[in-house]
Asker: 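Quick one: structure below, then a few questions.
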Amino acid sequence: MNEDPREFRRRRIEAGLTQTELAGRIGKGRSRICDVEKGRAGLTPKDLKAVAQIFGCTVHDLLVPETTEQPSGAGRSVA
């Protein structure tokens, strides 16, 4: 999945958990949490759901926000 690395880290710290503690609670290694926070790896939907439950948020809260900007020229009519 496409977790937002900064939001993921912010919520982990806000929850008072180290990378090792969070990893242990979802059955992963600390390096996986580190990779998620650096944007190098993601979690499975199952693991992401578990993390959201630990953080007291929704899975959606942890995902990279979609941009609503349209590409340059989009919406213009061509005459």
Asker: Taking everything shown except Arg10 itself, do over 12 heavy atoms lie less than 6.0 Å from its CZ?
Answerer: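 Buried by this count: over 12 neighbours within 6.0 Å.
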Asker: Does a side-chain heavy-atom distance below 4.5 Å link Asp61 with Arg11?
Answerer: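 Asp61 reaches Arg11 side chain to side chain.
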Asker: Using the side-chain contact (heavy atoms from CB on, under 4.5 Å) definition, which of the options Thr44, Leu43, Leu48 pairs with Lys46?
Answerer: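 Result for side-chain contact (heavy atoms from CB on, under 4.5 Å) with Lys46: Thr44.
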Asker: So, taking the atom named CD in Glu37 and the one named CG in Asp4, what distance separates them when rounded to the nearest 0.5 Å?
Answerer: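 If we round to the nearest 0.5 Å, Glu37:CD and Asp4:CG are 11.0 Å apart.
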Asker: Apply the side-chain contact (heavy atoms from CB on, under 4.5 Å) test between Ile33 and each candidate in Ile26, Leu17, Thr18, Thr20; give the one that qualifies.
Answerer: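 Answer after filtering Ile26, Leu17, Thr18, Thr20: Ile26.
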Asker: Would one find more than 12 heavy atoms of other residues, nucleotides or ligands at under 6.0 Å from atom CD of Gln53?
Answerer: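 Check fails, neighbour count at 12 or below.
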Asker: Nearest 0.5 Å, please: how far is CZ in Arg9 from CD in Glu3?
Answerer: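 Taking CD in Glu3 and CZ in Arg9, the distance rounds to 16.0 Å.
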Asker: If I take atom CZ from residue Phe8 and atom CD1 from residue Ile13, how far apart are they, to the nearest 0.5 angstrom?
Answerer: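 Taking CZ in Phe8 and CD1 in Ile13, the distance rounds to 11.0 Å.
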Asker: To the nearest 0.5 angstrom, please state how far the CD atom of Glu14 sits from the SG atom of Cys57.
Answerer: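 Going from the CD atom of Glu14 to the SG atom of Cys57 covers 9.5 Å.
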Asker: Report yes if some heavy atom in the side chain of Arg40 is under 4.5 Å from a heavy atom in the side chain of Cys34; otherwise report no.
Answerer: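 Yes. Closest side-chain heavy atoms under 4.5 Å.
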Asker: Below 4.0 angstrom, N of the basic side chain to O of the carboxylate: do Arg25 and Glu21 qualify?
Answerer: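 Answer for the salt bridge query: no.
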Asker: At their closest point, which heavy atom of Gly39 faces which heavy atom of Pro5, and how far apart are they?
Answerer: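 Nearest pair, atom of Gly39 first, then Pro5: CA-CG, 3.7 Å.
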